[in-house]
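Numbered from 1 within each chain, the chains take letters A, B, ... in sequence-line order.
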Number of protein chains: 4
Amino acid sequence: MRVVRTNVRSEKSMEPGLADRIRAAAARLFARRGFHGTGMRLIAEEAGVSIGALYHYFPSKEEVFLSVLRQEYDQRLAEAQGMWREGVSAPEVVRRVVELHFASITAGHESGRLLSQAGVGSPLELALQILALREEYATCIADLLSQAMQRREIRTAHPLLTAYALLGLVEAVTARALAGDGTADELQRVGPAEVAEIAWRALRPDKEE
Amino acid sequence: MRVVRTNVRSEKSMEPGLADRIRAAAARLFARRGFHGTGMRLIAEEAGVSIGALYHYFPSKEEVFLSVLRQEYDQRLAEAQGMWREGVSAPEVVRRVVELHFASITAGHESGRLLSQAGVGSPLELALQILALREEYATCIADLLSQAMQRREIRTAHPLLTAYALLGLVEAVTARALAGDGTADELQRVGPAEVAEIAWRALRPDKEE
Amino acid sequence: MRVVRTNVRSEKSMEPGLADRIRAAAARLFARRGFHGTGMRLIAEEAGVSIGALYHYFPSKEEVFLSVLRQEYDQRLAEAQGMWREGVSAPEVVRRVVELHFASITAGHESGRLLSQAGVGSPLELALQILALREEYATCIADLLSQAMQRREIRTAHPLLTAYALLGLVEAVTARALAGDGTADELQRVGPAEVAEIAWRALRPDKEE
Amino acid sequence: MRVVRTNVRSEKSMEPGLADRIRAAAARLFARRGFHGTGMRLIAEEAGVSIGALYHYFPSKEEVFLSVLRQEYDQRLAEAQGMWREGVSAPEVVRRVVELHFASITAGHESGRLLSQAGVGSPLELALQILALREEYATCIADLLSQAMQRREIRTAHPLLTAYALLGLVEAVTARALAGDGTADELQRVGPAEVAEIAWRALRPDKEE
DNA sequence: TATGAATGAGAGTTCATTCAT
DNA sequence: GATGAATGAACTCTCATTCAT
């Protein structure tokens with residue numbers, strides 16, 4: 001059951017290919033209903049294609065899920081790496097990445113929910129692949145953290161562990177901010193600043209270093 | 001939705017009642033395989049009871065899951081509140097709660113994995129109840145944080161948000177530490193100290209206050 | 001699986017025995033919910049006894065049902081035979097038996113519903129026993145009809161067939177009269193007279209005989 | 001409750017579609033074993049299709065049953081209405097409809113048994129729908145009776161009540177004629193004539209009118 | 001006698017996947 | 001390429017019945 005990278009961008013035309021339509025539909029449904037709550041029939045209907053078409057572009061439901069997840073991680077990673085390459089300072093990167101996470105849930109994309117679901121409640125083999133994907137993402141973040149440590153922009157710590165800690169921290173708060181009650185609204189308002197503050201305090205170098 | 005019989009402690013003998021055996025088996029399986037990956041038949045086999053017995057003690061699979069979750073949260077909460085009432089200082093509480101989280105996974109209970117799964121990949125109604133349970137837990141932690149803030153033991157911040165942040169932070173790292181590879185072993189070693197450090201830096205009052 | 005006749009009347013005391021309490025409860029439930037819709041647990045609760053007690057008095061659910069059915073048939077038969085022995089004329093017997101059927105449903109006993117259910121939707125072996133019970137009842141009616149034919153009070157016809165025809169006729173109308181809508185009320189009002197008229201016309205001797 | 005696909009006649013070939021095969025198998029089994037005695041697995045086997053196919057054509061077991069019932073009622077109704085439209089006289093219609101009922105059981109279709117089961121021993125909601133179907137059928141017969149009354153071909157009486165009486169009458173005798181013993185054979189022989197006689201005497205106008 | 005915890009076969013239903021067209 | 005009818009293993013849950021106490 002190897003990973004298959006289907007066309008992220010249609011090669012021939014401007015309009016999105018069927019694979020993209022399917023991925024977009026699946027992303028919405030997985031985020032709202034989870035892996036098991038989302039049937040292939042439902043994805044096909046939401047995407048406006050037949051079940052046969054689904055299986056033409058993706059070998060299995062698990063691959064649909066992984067494809068969606070990969071896309072989400074890639075987007076987030078591209079943003080962070082882009083900023084980093086442009087020379088944005090460490091605390092500023094932290095602040096803006098946190099902001100982006102909150103923005104994605106406020107915009108109703110609900111992709112934040114998708115990420116925090118990753119790896120749980122899934123068939124065993126799928127769970128492993130999801131963890132691998134998450135590891136890939138976390139490793140990239142750990143790389144950025146390592147570079148920042150060498151430049152003394154953030155304090156010295158275990159990079160991968162810190163990366164996971166940051167991910168968990170942000171995801172837990174954004175997940176709560178998606179609940180839809182009054183508290184959720186409040187967290188959406190104060191969340192970006194508060195979470196960035198927490199993250200930065202956890203990362204900043206000691207005063208006299 | 002009938003009331004669940006919960007004989008947490010058998011009255012006559014030392015050996016645990018069937019309800020406890022079931023809960024323990026379910027906790028193991030849910031942690032390893034998630035809600036959907038764990039069938040009632042499997043739980044019955046793991047607990048060494050019949051399916052009928054399962055439904056004698058719990059009205060549905062969802063109630064089994066919630067019962068397990070409730071038990072885990074209650075245990076953790078009791079530990080933290082116990083320490084707090086005994087007058088342990090804030091940084092020490094943080095350090096020891098983090099230690100306990102890591103200890104529970106090292107002991108093979110895998111309950112840490114269970115908690116981080118909470119609320120995802122589940123039937124919609126169940127997801128809401130899981131979130132409610134998590135909120136209850138987070139609220140208790142937020143209460144402790146509020147008290148610590150009033151005593152100037154930790155810095156002033158949004159208590160509930162901070163509670164969720166701490167939960168997410170710890171869970172993300174412990175989840176990674178359960179993967180079973182070399183990195184996981186490393187995280188189990190350095191995790192307690194590093195995570196406590198991150199948490200304390202995020203919480204500690206500013207120097208001149 | 002032989003038929004067991006349990007105490008129809010308690011031998012020692014005036015108050016009804018447990019067997020009677022169970023039969024009464026079962027009669028209510030079977031009439032309202034049918035054989036499959038009525039569980040042993042429910043019967044036990046309605047009768048205010050334990051499941052163990054149920055199985056102490058009746059060897060199986062099927063026997064509970066048969067016992068209830070037998071009781072109903074016996075009652076109806078006793079009424080008809082009583083009238084007949086008292087020398088009531090044939091058309092009058094017809095009229096009053098029909099009236100009694102309607103009266104039993106108007107009084108809310110719902111036993112009428114029970115009889116019209118008999119023999120259908122039941123496990124195969126039970127269905128045969130129910131048919132046997134019904135045959136017993138029909139045979140008794142056929143006997144009465146035979147006697148009336150010999151006295152030239154009703155026309156000559158196949159007695160057993162006529163008995164079944166009368167049963168079916170009355171049961172179909174009473175079943176409709178139990179539906180609970182406006183038409184049902186109307187049928188409860190006009191039913192006794194109209195059904196008796198139909199029955200009598202089907203039975204009465206030809207004018208010049 | 002989704003719409004049932006009912007391809008009553010296959011478009012391309014002569015052989016019946018799967019839905020018809022399923023309906024036919026279900027009709028046989030329901031007639032012999034009742035609603036609860038007939039499992040979906042059994043229907044699938046009898047029809048020579050998979051369980052999945054069953055659920056592809058019918059959303060639930062209840063809908064299979066209702067579909068079968070509808071088919072039976074429709075057939076009978078079409079016969080009676082056809083004769084009526086062709087100007088067959090009232091007593092002749094009665095005689096031939098009764099004959100048809102008996103013919104259907106002699107032919108081994110056993111559909112007669114199915115109709116007399118209608119509405120009993122079924123889940124509550126299903127029972128209501130069955131009664132509704134039966135009411136529909138009875139109402140059509142009542143219409144025919146009304147027309148015959150206006151033409152003075154039969155005596156004046158409550159049309160709907162009379163319709164139910166006729167149904168019950170015929171069904172009770174045919175049900176007994178299906179028991180398989182010697183009496184059943186006898187009833188199959190004399191039944192058509194005797195039942196038609198009973199029905200006609202119940203319906204015929206008074207001599208001097 | 002009387003209890004109700006425990007059993008487990010079997011129920012209706014879902015859904016990822018296949019494949020002839 | 002595209003379709004959707006067909007498959008069947010696996011699911012959660014029910015309930016008549018047993019038996020140690």
(message) Can you confirm whether C:Val49 sits close enough to C:Tyr57 that some side-chain heavy atom of one is under 4.5 Å from a side-chain heavy atom of the other?
(response) no
(request) Return the nearest nucleotide to the side chain of C:Met40; candidates are F:dT17, F:dA2, E:dA11. (result) F:dT17
(request) From the options E:dG4, E:dA16, E:dA2, select the nucleotide whose nearest atom is closest to the side chain of A:Tyr55. (result) E:dA16
(request) Nearest 0.5 Å please: distance from the CZ atom of B:Phe35 over to the CG atom of B:Leu69. (result) 11.0 Å
(request) Would you mind telling me which of F:dA2, F:dC13, E:dA2 lies closest to the side-chain atoms of C:Tyr57? (result) E:dA2
(request) Name all residues meeting the side-chain hydrogen bond (donor to acceptor under 3.5 Å, both in side chains) criterion together with D:Glu45; count only those two or more places apart in sequence or in a different chain, and write none if there are none. (result) none
(message) Just to be sure I understand: a Watson-Crick pair is purine N1 to pyrimidine N3 plus N6-O4 or O6-N4, both under 3.5 Å. Using that and G-U wobbles, which stems of three or more pairs involve DNA chain E?
(response) E:2-21 with F:2-21
(message) At a heavy-atom distance below 4.0 Å, what parts of residues 46-54 of chain C sit against DNA chain E?
(response) C:Ser50, C:Gly52, C:Ala53
(message) Quick check: do A:Arg33 and A:Leu42 have side-chain heavy atoms less than 4.5 Å from each other?
(response) yes
(request) Look only at the side chain of B:Arg21 and the backbone of B:Ala47, and say whether a donor-acceptor pair between them is shorter than 3.5 Å. (result) yes
(message) Measuring only between side-chain heavy atoms, which start at C-beta, is B:Arg23 closer than 4.5 Å to B:Glu72?
(response) no
(request) Would you indicate whether the side-chain heavy atoms of D:Met40 and D:Val64 approach each other to under 4.5 Å? (result) yes
(message) By nearest atom, which of the nucleotides E:dT13, F:dA16, F:dT12 is closest to the D:Arg41 side chain?
(response) E:dT13
(message) Let's see if you can work this out: which of F:dT17, F:dC13, F:dG4 has an atom nearest to the side-chain heavy atoms of B:Lys61?
(response) F:dC13
(request) Quick one: sort the A:Phe30 and A:Phe65 rings into parallel, tilted or perpendicular, breaks at 30° and 60°. (result) perpendicular
